[in-house]
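Working notes for the structure below.
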There are 2 protein chains.
Amino acid sequence: MRVSRAQAAANRRRIVTEASRLFRERGYDGVAVADLMKSAGLTHGGFYGHFESKEALMAETCASSGDIRTRWERLTAKRQQPPFQVLVEQYLSPRHRDQPGHGCLFAALSVDTARQTPEVRHAYTGTFRKFADMIADWLPGRRANRRRRALATASSLVGALVLSRAVDDPELSSEILDAVRQQLLGATASATPASSGKPAKE
Amino acid sequence: MRVSRAQAAANRRRIVTEASRLFRERGYDGVAVADLMKSAGLTHGGFYGHFESKEALMAETCASSGDIRTRWERLTAKRQQPPFQVLVEQYLSPRHRDQPGHGCLFAALSVDTARQTPEVRHAYTGTFRKFADMIADWLPGRRANRRRRALATASSLVGALVLSRAVDDPELSSEILDAVRQQLLGATASATPASSGKPAKE
DNA sequence: ATTATCTATAGATCTATAGATAATGC
DNA sequence: ATTATCTATAGATCTATAGATAATGC
């Protein structure tokens, strides 16, 4: 039941990909190593040949989301609108809200991360910096205080998604998303975009 | 080892209070019923005389935070500044960030709540509505779109706190809090308030 | 010979319950 | 007699490891 070196590397990547999805869907404590390995088509015990611990995997998961920018750039390149507008509309879309497993790391795992090991928090922070830098580059309007405005924008986006997922009233949930979209895009915001195209990743 | 009816009621309240703190500090899965009861000075088995399940307690915890407004009103009444300014400054203070157990329910338990039972989500939603209404009443400036602006403000506050707690760099963490404070209060914001007075509850 | 994976299990938890205990309150 | 609490434990998990297995790659 052994496997080639290349196959083993592919298996490892698959474990990270599955973990990334499952952690975001169910939270760190909501995913058992055995479940995860089953999702990846492998057995429980095999996990520890690839990772030192579940926490080490979590750290790698946070770091592996570091290519967010590439994904967002690919997504925005397809559209006519400015990247900032696409980002805000996709991020605050019902689709993104309803697919946490394929969505933003920060909205899904920030609270878990705050209680995690230093390694996990460090990997998370690095990925967050990239996200904030991307927003800063894309901000419309005057160039002053870009960084400050980018951090405020990131907070609004993450807060809105987190709250819209927790609330049990669909109407209130949409209201939260719309409120922040209007705040960030002003009256420019198109009515209800967001339902076409790829799901928003990260 | 029995106890009077009044004492039993007090014990029940103490369990809710302790749970409220522990859940916010460690998350729902991070608190064992046995730990919680020990914190309340009772034994593990006694729990099930008061609550049907751990989830039922979680729901009660969310509902019990419904008196947020009273607490915030008491806190703001002590100050000279307008309530909205006090709210924003206290909410985004390092003190609040560093004491999740005594802080905002939404920043601490939204992600857990999104995966909880309908009962928990419903109780949470009721408490969130009260919070949003309070912000709407306190919003400065023009009266138009109060509700929309209140929801956007709540998102910014919650997002900022969540992110500032997850990040491992104290400087970046403060930068996030400051960015949102400036966004919400404008240049009016005093330099560094936030370190005196009672910890921000809810 | 090396090593990626599998089977089986040790050792810790954790929720919830059953039955005993002892003080309250009719 | 009722009932709030305690002791003890059943039944499920969950992380991590030990040892076996079998295909790869020098």
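Note that this is a predicted model, so its numbers are computed, not measured. Atoms considered below: every heavy atom in the structure, side chains included; atoms not considered: hydrogens, waters and symmetry mates. Protein chains get the first letters and strands the later ones, always in sequence-line order, with residue 1 at the start of each.
Across all non-hydrogen atoms, the minimal contact from A:Asp137 to A:Arg146 is O-NH2, 3.6 Å. Nearest heavy atom pair, residue B:Ile176 against residue A:Ser155, reads CG2-OG, 3.6 Å.
Here the side chain of B:His96 pairs no donor or acceptor atom with the backbone of B:Gly103 at under 3.5 angstrom.
Using cut-offs of 30° and 60° on the angle between ring planes, the pair A:Phe106 and A:Tyr124 is perpendicular.
Listed nucleotides: D:dT3, C:dT3, C:dT5. Nearest to the side chain of A:Asn11: C:dT5. Checking C:dT5, C:dT24, D:dC6 against the side-chain heavy atoms of B:Ser4 singles out C:dT24 as nearest.
Residue-to-nucleotide proximity on DNA chain D shows that, of B:Arg5 and B:Gly41, the 5′-proximal contact is made by B:Arg5.
Note on residues 156-175 of chain A: pairs passing salt bridge (Lys or Arg N to Asp or Glu O under 4.0 Å), not counting sequence neighbours, are A:Asp169-B:Arg129, A:Glu175-B:Arg147.
Counting only Watson-Crick or G-U wobble pairs whose defining distances are both under 3.5 Å, the stems of 3 or more consecutive pairs in DNA chain D are C:1-24 with D:1-24.
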Worked check of salt bridge (Lys or Arg N to Asp or Glu O under 4.0 Å) between A:Arg12 and A:Glu60: CA-CA 11 Å; A:Arg12 189 182 200 281; A:Glu60 192 151 330; 2.5 Å; yes
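What separates CD of A:Gln7 from P of C:dA4 is a distance of 12 Å, to the nearest Å. Summarising the geometry, the separation between NE2 on B:His50 and C1' on D:dA4 is reported as 7 Å, rounded to the nearest angstrom.
A cation-pi arrangement is present between B:Lys54 and B:Tyr28 under the rule of less than 6.0 angstrom and at most 45 degrees off the ring axis.
Salt bridge annotation for A:Arg181-A:Asp178: present, with a cationic side-chain nitrogen under 4.0 angstrom from a carboxylate oxygen.
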Treating primed atoms plus P, OP1 and OP2 as sugar-phosphate and everything else as base, which nucleotides of nucleotides 13-20 of chain C get B, S or - for protein heavy atoms under 4.0 Å? -SBBB---
